[in-house]
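Let me begin by presenting the structure, written as structure tokens, before commenting on it.
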There are 2 protein chains.
Amino acid sequence: MSANSRLTIAAHSLTWIGLYQRRGHEVATSEQIATSVNTNPVVIRRLLGELRGAGLVDSRRGAGAGWTLSRDLAAITLLDVHRVVEPGPVFALHRATPDPDCVVGRGIGPAIKAVYDDVEAAMQRELARTTLEDVLRDVLAAD
Amino acid sequence: MSANSRLTIAAHSLTWIGLYQRRGHEVATSEQIATSVNTNPVVIRRLLGELRGAGLVDSRRGAGAGWTLSRDLAAITLLDVHRVVEPGPVFALHRATPDPDCVVGRGIGPAIKAVYDDVEAAMQRELARTTLEDVLRDVLAAD
DNA sequence: CACAGAAATAACAATTATTGTTACAACAAG
DNA sequence: CTTGTTGTAACAATAATTGTTATTTCTGTG
């Protein structure tokens, strides 16, 4: 697969909007965000559009339009973002059903899925520990 | 990307070889394994070839050839397998370098990478907790 | 030595996700 | 009405996974 930087780009975008608003601006445009991220504005709009669907950001249209956070940075965890931009499991089970006449073929699916579920849970616990406020703090501290 | 079932197929293959050997057989052919997994033998050979490079299996060529485990199932964790078949991080950073003239552009990479590292570590801890012996036990218990 | 069975390997197509890009429609502030 | 920006569609480029076919290489056995 090509590199999957959706979570990175989404977190970057939200953090940028948060800092921009904190500095007194009303709305951030996808053009501005794209400049900081170094990508195309449409990429930003697509991602932020998904995040809007999850209630993390709002958008205004028309002249003077742009994006605003729906919640404070401190109320958005990386897990919140991850859930939106990376749905679906990290590991897939078999693409085709394994041989039902084989013990291993019959039992391996459920057996390994139990492990995958634990792995996902551990991942989510880690992602939930960090808010975008934490990220912004680290960003500013490193400057 | 297409579904990533490499870890699942690899674990299935190794578990199958382990059970087959435990039942008194010398070597397992990719044809047999492919039947249980329900895929093409070449897919199995490719994966097992990578696992051989990591010292998890051996292969014999010629007539009566096939695959054998290099270690007991109890000495192979899912992390061992994962390391071989899914190298590289779960989350990628930016594809293109973010704007160095922007505070967020400068700092977001290291800030978020620290989180990603913690997530990977948590994932690996979980994967290391399960051996293929555990998997086989669950498989047989469910039968 | 010849044969047969199986791995080793190369090559290709199909599918899919991500990313970047262009173009244009929809919309709202002034 | 003009202008700036989102909303959206459409497309290409890239890349990874998976499946498949075909061919070569190796080795045990008769």
Side-chain angles (χ1 to χ4, degrees), chain A residues 1-10 12-13 17 20 25-35 37-53 57-68 82 84-98, chain B residues 1-10 12-13 17 20 25-35 37-53 57-68 82 84-98:
Chain A
M1 159 185 7
S2 3
N4 185 2
S5 54
R6 288 167 59 85
L7 179 56
T8 300
I9 307 303
H12 184 152
S13 301
I17 299 171
Y20 195 60
H25 300 89
E26 277 286 323
V27 299
T29 70
S30 43
E31 180 76 39
Q32 295 170 318
I33 302 167
T35 297
V37 172
N38 190 10
T39 185
N40 193 291
V42 175
V43 173
I44 302 298
R45 278 185 224 133
R46 275 198 297 233
L47 262 180
L48 289 183
E50 297 179 44
L51 294 169
R52 180 187 48 215
V57 291
D58 293 302
S59 65
R60 263 187 248 165
R61 303 179 66 160
W67 303 86
T68 52
H82 178 260
V84 179
V85 302
E86 310 254 0
V90 177
F91 304 119
L93 294 181
H94 304 73
R95 159 175 300 205
T97 309
Chain B
M1 168 191 342
S2 3
N4 186 2
S5 53
R6 289 167 58 84
L7 180 56
T8 299
I9 306 304
H12 184 152
S13 300
I17 299 172
Y20 196 61
H25 300 88
E26 277 286 323
V27 298
T29 69
S30 40
E31 181 75 39
Q32 295 170 316
I33 302 167
T35 297
V37 172
N38 190 11
T39 185
N40 193 291
V42 175
V43 173
I44 302 299
R45 279 186 219 129
R46 275 199 296 233
L47 261 180
L48 290 182
E50 297 179 45
L51 294 170
R52 179 186 50 214
V57 292
D58 293 302
S59 65
R60 262 188 249 165
R61 304 180 65 158
W67 303 86
T68 52
H82 178 260
V84 179
V85 301
E86 309 253 1
V90 178
F91 303 120
L93 293 181
H94 304 72
R95 157 175 301 203
T97 309

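Labels below follow one simple rule: chain letters A, B, ... track the order of the sequence lines, proteins then strands, and each chain is numbered from 1. Just so you know, these numbers use all the heavy atoms, side chains as well, and skip hydrogens, waters and symmetry mates.
Rounded to whole Å, the distance from CG on A:Leu47 to P on D:dT8 is 15 Å. Between the P atom of D:dT17 and the CG atom of B:Asn40 lies a distance of 17 Å, rounded to the nearest Å. In this structure, A:Ile33 atom CD1 and D:dT5 atom P are separated by 12 Å, rounded to whole Å. Here the P atom of nucleotide D:dT17 and the NE2 atom of A:His94 are 17 Å apart, to the nearest Å.
A donor-acceptor pair under 3.5 Å links the side-chain atoms of B:Thr8 to the main chain of A:Ala92, judged by distance alone. Although no hydrogens or angles enter the test, the distance criterion places no donor-acceptor pair under 3.5 Å between the side chain of A:Asp58 and the main chain of A:Thr68.
Contact between the side-chain N/O atoms of A:Thr29 and the OP1/OP2 oxygens of D:dT5 is not found at any separation under 4.0 Å. The side chain of B:Arg95 places no N or O atom within less than 4.0 Å of a non-bridging phosphate oxygen (OP1 or OP2) of D:dT14. Between B:Arg45 and C:dA7 there is a side-chain N or O to OP1 or OP2 distance below 4.0 Å. Contact between the side-chain N/O atoms of B:Ser5 and the OP1/OP2 oxygens of D:dT18 is found at a separation under 4.0 Å.
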All N/O donor-acceptor pairs, side-chain side in residues 39-46 of chain B, below 3.5 Å, sequence neighbours left out:
unit_1, atom_1, unit_2, atom_2, d
B:Asn40, OD1, B:Val42, N, 3.0
B:Arg45, NE, B:Ser30, OG, 3.0

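Using a 4.0 Å heavy-atom cutoff across all strands shown, B:Gly49 reaches no nucleic acid atom at all.
Partners of A:Gln32 under the side-chain contact (heavy atoms from CB on, under 4.5 Å) rule, at least two apart in sequence or in another chain, are A:Trp16, A:Tyr20, A:Ala28, A:Thr29. In this structure A:Arg52 satisfies the salt bridge (Lys or Arg N to Asp or Glu O under 4.0 Å) test with no other residue, sequence neighbours excluded. With sequence neighbours left out, the salt bridge (Lys or Arg N to Asp or Glu O under 4.0 Å) criterion links A:Arg60 to A:Glu26.
Mapping B:Glu31 and A:Thr39 onto DNA chain C by nearest heavy atom places B:Glu31 at the nucleotide closer to the 5' end.
Shown for residues 57-65 of chain A: residues whose heavy atoms fall under 4.0 angstrom of DNA chain D, namely A:Ser59, A:Arg60, A:Arg61, A:Gly62, A:Ala63, A:Ala65.
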Collect all protein-nucleotide pairs involving nucleotides 10-12 of chain D in which both atoms are nitrogen or oxygen and the distance is under 3.5 Å.
unit_1, atom_1, unit_2, atom_2, d
D:dA10, N6, A:Arg46, NH1, 3.4

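Considering every non-hydrogen atom in both B:Leu47 and B:Arg6, the closest pair reads CD1-O, 3.9 Å.
A:Leu48 places a side-chain heavy atom less than 4.5 Å from the side chain of A:Ser13.
To the nearest 0.5 Å, the span separating CG on B:Leu93 from CG on A:Leu7 amounts to 10.0 Å.
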